*Asks:* 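One structure is given below, represented as structure tokens, and several questions about it will come after.
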Amino acid sequence: MSSSRLGRDFYARDTLEVARELLGQRLVRVIDGERLSGLIVETEAYIGEEDRACHASHGRTPRTEVMYGPPGQAYIYFIYGMYHCLNVVTDRVGFPAAVLIRGIQPQEGIEYMRRNRGFRREGELTNGPGKLCQALTIDRSLNALDLCQSDLLFIEETAEVDPGGIEVTPRIGIRADEMAKRRPWRFLLGDKA
DNA sequence: TATACGATCACCT
DNA sequence: GGTGATCGTATAC
């Protein structure tokens, strides 16, 4: 299999483009030499300090520092006392933006994922940002990892997705002002929703 | 030091 | 439909 990994140029673009084009690409996690993977089916964009739903809306802090760094790095945060969420840093150095990976469709290592997730049905393994991190053993030890270089976590290019099959909606689960809540910055593969 | 809360999920009715 | 779990952050004192 000669899948090519997405490189820096892919991530170093407008965040909405990256969020949209990540759909259908393959997220890969390698643990003890075993490949775990799934096709990305849901993303959300978080863009800049002006975006009140973005963690960087309160400026640069130790937690948000990664978002200000080079595109292609993982931004992983801990939330609600028990879950992790995986983002990919986008755009340019100095501008805080990232794409939250909200859902994948499992491909490789499904049994591993089922063990991690308490042996649930396949459809319940990775259909949420906290769930997919649990399934793939992704936590803050991987924060700031370079997805363009690491052999532990990266994204592979797949055949291009039909743009007509993409659904666009407002972001969900956020507490922010009305303007931020209305922005259509969530992307899903149509046949998934 | 103390406190309020969150880019969630599972389980309940 | 609603709510509790559980702790790192940010912010206030």
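Given the structure is predicted, the values throughout are model-derived calculations rather than measurements. Proteins come first, then strands; the chains are lettered A, B, ... in the order of their sequence lines, and each starts at number 1.
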*Asks:* Under the criteria of a ring-centre distance below 5.5 Å and an interplanar angle below 30°, is A:Tyr77 stacked with the base of B:dA7?
*Replies:* no

*Asks:* Please report, rounded to the nearest Å, how far the P atom of B:dG6 is from the NZ atom of A:Lys181.
*Replies:* 11 Å

*Asks:* Roughly, in whole Å, what's the span from CE in A:Met67 to P in B:dA7?
*Replies:* 11 Å

*Asks:* Please tell me which of A:Ala56 and A:Gln134 maps to the more 5' nucleotide of DNA chain B, matching each residue to the nucleotide holding its nearest heavy atom.
*Replies:* A:Ala56

*Asks:* When the distance from CG of A:Asn143 to C1' of C:dT9 is rounded to whole Å, what number comes out?
*Replies:* 13 Å

*Asks:* To the nearest 0.5 angstrom, please state how far the CG atom of A:Asn87 sits from the NE2 atom of A:His55.
*Replies:* 8.0 Å

*Asks:* Does A:Asn116 use its side chain to pair, donor to acceptor, with the backbone of A:Gln134 at less than 3.5 Å?
*Replies:* yes

*Asks:* From NE2 of A:His55 over to P of B:dC5, roughly how many Å is that when rounded to an integer?
*Replies:* 16 Å

*Asks:* On DNA chain B, compare the nucleotides closest to A:Pro129 and A:Arg175; which residue's is nearer the 5' end?
*Replies:* A:Arg175

*Asks:* Using a 4.0 Å heavy-atom cut-off, does A:Ile174 contact any base of the nucleic acid, only the sugar-phosphate backbone, or nothing at all?
*Replies:* sugar-phosphate

*Asks:* On the ring face of A:Tyr112, is A:Arg29 found with NZ or CZ under 6.0 Å from the centre and within 45° of the axis?
*Replies:* no

*Asks:* Answer yes or no for A:Arg5 and A:Phe154: cation-pi contact, defined as NZ/CZ to six-membered ring centre under 6.0 Å and angle to ring axis within 45°.
*Replies:* yes

*Asks:* Applying a 3.5 Å limit to both distances, which nucleotide forms a Watson-Crick or G-U wobble pair with B:dA4?
*Replies:* C:dT9

*Asks:* Closest to the A:Tyr83 side chain: B:dT8, B:dA7, C:dT6?
*Replies:* B:dT8

*Asks:* Would you tell me if any nitrogen or oxygen in the side chain of A:Arg186 comes within less than 4.0 Å of OP1 or OP2 on B:dA7?
*Replies:* no

*Asks:* Please give, in whole Å, the distance from B:dT8 P to A:Glu124 CD?
*Replies:* 16 Å

*Asks:* Begin from the C-alpha positions of A:Gln73 and A:Tyr75 and carry the test side-chain hydrogen bond (donor to acceptor under 3.5 Å, both in side chains) through to its verdict.
*Replies:* CA-CA 6 Å; A:Gln73 294 193 112; A:Tyr75 167 46; over 6 Å; no

*Asks:* Which pairs, protein N/O on one side and nucleotides 11-13 of chain C N/O on the other, fall under 3.5 Å?
*Replies:*
unit_1: C:dT11; atom_1: OP1; unit_2: A:His58; atom_2: ND1; d: 3.1

*Asks:* Mind checking if A:Phe78 touches a base, just sugar-phosphate, or nothing, with heavy atoms under 4.0 Å?
*Replies:* sugar-phosphate

*Asks:* Output the rounded distance in Å from CZ (A:Arg121) to P (B:dA10).
*Replies:* 12 Å

*Asks:* Looking at every strand, decide which applies to A:Arg52 at a 4.0 Å heavy-atom threshold: base, sugar-phosphate, or nothing.
*Replies:* nothing

*Asks:* Could you check whether A:Arg171 gets within reach of a base, just the sugar-phosphate, or nothing at all, counting any heavy atom under 4.0 Å?
*Replies:* nothing

*Asks:* Rounding to an integer number of Å, can you tell me how far A:Asn116 CG sits from B:dC9 P?
*Replies:* 15 Å

*Asks:* By nearest atom, which of the nucleotides B:dA7, B:dC11, C:dA10 is closest to the A:Tyr46 side chain?
*Replies:* B:dA7

*Asks:* So, is the end of the A:Arg60 side chain (NZ or CZ) under 6.0 Å from the ring centre of A:Tyr68 and within 45° of the ring's axis?
*Replies:* yes

*Asks:* Would you say the side chain of A:Tyr80 and the base of C:dA5 hold a donor-acceptor pair, judged only by whether the two atoms sit under 3.5 Å apart?
*Replies:* no

*Asks:* Can you tell me how far C1' in C:dT3 sits from the matching atom in B:dC5, rounded to whole Å?
*Replies:* 16 Å

*Asks:* Looking for any heavy atom pair under 4.0 Å, which part of the strands does A:Gly81 touch: base, sugar-phosphate only, or nothing?
*Replies:* base

*Asks:* Looking at A:Phe10, is A:Arg13 sitting on its ring face, NZ or CZ under 6.0 Å from the six-membered ring centre and within 45 degrees of the normal?
*Replies:* yes

*Asks:* Working to the nearest 0.5 Å, report the span between OG1 of A:Thr169 and CZ of A:Phe187.
*Replies:* 9.0 Å

*Asks:* In whole Å, I'd like the distance from the CD1 atom of A:Ile76 to the C1' atom of C:dT9.
*Replies:* 17 Å

*Asks:* Quick one: is A:Arg117 getting a side-chain N or O under 4.0 Å of the B:dC9 phosphate, OP1 or OP2?
*Replies:* no

